[in-house]
Amino acid sequence: MNTEPERKFGVVVVGVGRAGSVRIRDLRNPQASSAFLNLIGFVFRRELGSMDEVPQISLEDALSSQEAEVAFICSESSSHEDYIRQFLNAGKHVLVEYPMTPSWVAAKDLWELAEQKGKVLHEEHVELLMEEFAFLKKEVVGKDRLKGSLLFTAALLEEERFGFPAFSGISRLTWLVSLFGELSLVATLEERKEDQYMKMTVCLETENKSPLIWIEEKAPGLKRNRRLSFHFRSGSLENMPNVGINKDIFLKDQNIFVQKFLGQFSEEELAAEKKHIPHCLWLAGEIQKHCCSKQ
């Protein structure tokens, strides 16, 4: 951060799963942007009392508190939209884990609400802060790409809680859009519910008609794995080398969020973000439409 804090902004964290726990840890670490923030408490649907000496508070108290000026939404994806809307209407800045909402129309409405309220609405995308993405960005820049593919495998997620696969897997889509620009698509979905198996295949196309294939494959016992293959006129990139440890990526995201409401985030960066995030959400929605119409 470029300045010393004149005051601290009170923060409440909603949800204490993996992301929420990491957010609480980073907020209690007095470095970088955390020096501008004061953790007041956390909100959770079950009664915990406290966690690591951080008190649990009710949603009603978090919304009405004048001390709480910022909300970190780290709950299940299905609840994001409702929480965002409540905290924006209560006059709070909002940081939310991706996806902001499983609807491009709803996301557009929430951004407009944030602008009306004069508040920052920030959607986290830590995948763009990973060492792997930094490596890929360097490898891709300036190369004439012929074709590419990205396959991600993992255990199945509950669609009611985490959204359609195009939304629960939007970090992979965000990689492709950030690397290759706006995309068009054709998508298919294969499901065997009796086997708890799902395979989504998305055929994407860049603006210069170069093909990309994105596959999300989910089933019990499948390990989290990502395989990619990008082919250029000058050579190929097959799979991801070991490029280092992804250290403090949630804290880096928090730094970006704080820069926004301190007015330290450039207009060019804001404009780029407001272009590619809605595009990814729109694409995810179109993928869902394509897949559902063919079932």
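Below, each value reflects all heavy atoms present in this structure, side chains not excepted, and no hydrogens, waters or symmetry copies. Because the structure is predicted, anything quoted here is derived from the model rather than measured.
- Although no hydrogens or angles enter the test, the distance criterion places no donor-acceptor pair under 3.5 Å between the side chain of Asp144 and the main chain of Arg233.
- Tyr98 has its ring centre no less than 6.0 Å from the ring centre of Phe167.
- One finds the CD atom of Glu194 at 10.0 Å from the CD atom of Gln196 (value rounded to the nearest 0.5 Å).
- In this structure, CG on Leu212 lies 9.0 Å from CG on Leu150, to the nearest 0.5 angstrom.
- Distance check: Met100 CE to Glu81 CD gives 10.5 Å after rounding to the nearest 0.5 Å.
- Side chain to side chain, Gln86 and Asp82 meet the donor-acceptor criterion of an N or O pair below 3.5 Å.
- Environment of CD in Glu269: crowded, with over 12 heavy atoms of neighbouring residues, nucleotides or ligands closer than 6.0 Å.
- No hydrogens or angles considered: nothing links the side chains of Gln288 and His290 as a donor-acceptor pair under 3.5 Å.
- Within a 6.0 Å sphere centred on CD of Glu53, heavy atoms belonging to other residues, nucleotides or ligands number 12 at most.
- Neither side chain, Ser78 nor Glu160, offers a donor N or O lying under 3.5 Å from an acceptor on the other.
- Taking the six-membered ring for Trp, Phe250 and Phe257 have ring centres at least 6.0 Å apart.
- Atoms CG and OG1, from Leu281 and Thr174 in turn, are 8.0 Å apart once rounded to the nearest 0.5 Å.
- Ion pairing between Glu69 and Lys119 fails under the 4.0 Å rule for side-chain N and carboxylate O.
- Interatomic distance, Met240 CE to Asn225 CG, rounded to the nearest 0.5 Å: 11.5 Å.
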Exercise. Go through the steps to decide whether Phe164 and Cys291 satisfy the test side-chain contact (heavy atoms from CB on, under 4.5 Å), and finish with yes or no.
Key: CA-CA 10 Å; Phe164 187 78; Cys291 291; 3.7 Å; yes
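- Arg23 has a carboxylate O that lies under 4.0 Å from a charged side-chain N of Glu97, or vice versa, which qualifies the two as a salt bridge.
- Both tests do not hold together for Arg145 against Phe232: distance to the six-membered ring centre under 6.0 Å, angle to the ring axis within 45°.
- Remark: Lys92 is not positioned above the aromatic ring of Phe87, lacking an NZ or CZ atom under 6.0 angstrom from the ring centre and at most 45 degrees off the axis.
- Salt bridge absent: Glu273 and Lys275 never bring a charged side-chain N and a carboxylate O closer than 4.0 Å.
- Evaluated for a salt bridge (charged side-chain N to carboxylate O under 4.0 Å, His left out) with Lys274, the options Glu115, Glu267, Glu268 yield exactly one hit, Glu115.
- Going from atom CG of Leu63 over to atom OH of Tyr83 covers 9.5 Å, rounded to the nearest 0.5 Å.
- The environment of Arg18 atom CZ is sparse: at most 12 non-hydrogen atoms of other residues, nucleotides or ligands sit within 6.0 angstrom.
- Under 4.0 Å is where a charged nitrogen must lie from a carboxylate oxygen, and between Arg172 and Glu216 at least one such pair does.
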